[in-house]
Amino acid sequence: MILIYIALIVAGLYVIFILGPALVAFKMVFCRKSGTSFEERNLKGTYLEPYEKRIREDFRFFRELQSERITICAMDGIELVGDYYNSGHRKLAICMHGYNATPLNCFASIGKCLINAGYDVLLTQERAHGESGGRRSTLGMLEQYDVVAWANWADTVSAVDEVVLIGVSMGCASVAYASDK
């Protein structure tokens, strides 16, 4: 009988100290994210404060541009969303944002430079972020196939001769994983 009590105590401790925190961590890390745009945040007192004026200008630049909403289907049926800024160039930059971020947070300044350098820009929303489908992010493991899907979409854009893949943080991992596909 004492062995049963010991087993119940061990099982209870396992649930409290191992399983419970693991489930909480899983939900915090992998479940759907809705990053807050820098436009909606007060950047005073943050490391971004010295760049706040430039960030706001670059966001305004993108808000004034005409974009086309693109949706594609990932290999596992998830709907992926992106904004295509077509300036009539023959080169395209596909931009994959970071974990718990928004495309413009990661690419407003870089995207402006790309457009000025003669690129069209596709700002994607990674799975389980923003308006893209999916309940969980896999930190690049499934997102690598999403990069391939976006590159395949770019092949259908007949006016594009060159495609460049750019990623920040988790988006960089997605691009790197996709590099051998």
Side-chain angles (χ1 to χ4, degrees), residues 1-52 55 59 69-83 93-111 122-154 163-181:
M1 189 67 165
I2 202 151
L3 290 176
I4 292 174
Y5 289 132
I6 292 173
L8 288 174
I9 291 171
V10 169
L13 291 173
Y14 175 79
V15 167
I16 292 170
F17 292 108
I18 305 294
L19 189 59
L23 290 174
V24 169
F26 177 84
K27 182 162 178 56
M28 289 176 61
V29 171
F30 294 105
C31 291
R32 175 167 277 287
K33 301 297 177 195
S34 57
T36 305
S37 171
F38 288 154
E39 288 178 308
E40 302 166 11
R41 281 198 220 163
N42 180 2
L43 302 179
K44 302 283 187 228
T46 70
Y47 71 97
L48 294 171
E49 184 176 3
Y51 314 104
E52 182 173 16
I55 290 168
F59 267 77
R69 180 58 51 102
I70 305 294
T71 58
I72 64 170
C73 190
M75 66 160 202
D76 58 354
I78 299 291
E79 183 177 88
L80 303 173
V81 176
D83 291 308
I94 299 176
C95 302
M96 307 296 287
H97 66 80
Y99 176 74
N100 199 20
T102 68
L104 279 179
N105 282 4
C106 291
F107 291 106
S109 297
I110 297 168
L122 174 65
L123 298 180
T124 66
Q125 296 179 29
E126 298 232 29
R127 66 176 51 228
H129 287 78
E131 294 177 37
S132 284
R135 293 179 30 186
R136 290 187 176 74
S137 171
T138 62
L139 305 178
M141 295 313 296
L142 287 179
E143 288 81 0
Q144 67 182 306
Y145 301 107
D146 300 345
V147 172
V148 172
W150 284 115
N152 289 337
W153 170 84
V163 176
V164 176
L165 302 172
I166 301 173
V168 171
S169 190
M170 180 185 74
C172 185
S174 303
V175 168
Y177 291 146
S179 65
D180 69 342
K181 306 283 178 269

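As the structure is a computational prediction, the values presented were derived from the model and not from experiment. Note: hydrogens, waters and symmetry copies are ignored here, and every other heavy atom, side chains too, is used.
A pairwise comparison of heavy atoms in T124 and C95 identifies OG1-O, 2.8 Å as the closest pair. Between S137 and Y99, the closest heavy-atom pair is OG-CD1, 4.2 Å. In this structure, C106 and G98 approach most closely via the heavy-atom pair SG-N, 3.5 Å. For the residue pair A149 and C73, the shortest heavy atom distance occurs at CB-O, 4.5 Å.
Partners of A74 according to the side chain to side chain contact (heavy atoms under 4.5 Å, CB included) rule, which considers only residues two or more places apart in sequence or in another chain, are D76, I78, L80, R127, D146. In this view, F59 and S37, F38, E39, I55, R63, L104, N105, A108 satisfy the side chain to side chain contact (heavy atoms under 4.5 Å, CB included) rule, not counting sequence neighbours.
Summarising the geometry, atom CG belonging to N152 is positioned 13.5 Å from atom OH belonging to Y145; distances are rounded to the nearest 0.5 Å. To the nearest 0.5 Å, atoms CD1 (I70) and CG (D83) are separated by 8.5 Å. In this structure, CD1 on I72 lies 8.5 Å from CH2 on W153, to the nearest 0.5 angstrom. Considering CG of L48 and CG of N42, their distance stands at 11.5 Å, rounded to 0.5 Å. The OG1 atom of T71 lies 10.5 Å from the CD atom of E131; values are rounded to the nearest 0.5 Å. Note: L139 CG to M170 CE = 6.5 Å, rounded to the nearest 0.5 Å.
Side-chain N or O atoms of H97 include one that pairs as donor or acceptor with a backbone N or O of E126 at under 3.5 Å. Within the 3.5 Å criterion, the main-chain N or O of V81 finds a donor-acceptor partner in the side chain of S132. Side-chain atoms of E143 come within 3.5 Å of backbone N or O of G140 as a donor-acceptor pair.
Looking at I94 and V163, their side chains come closer than 4.5 Å, going by heavy atoms from C-beta outward.
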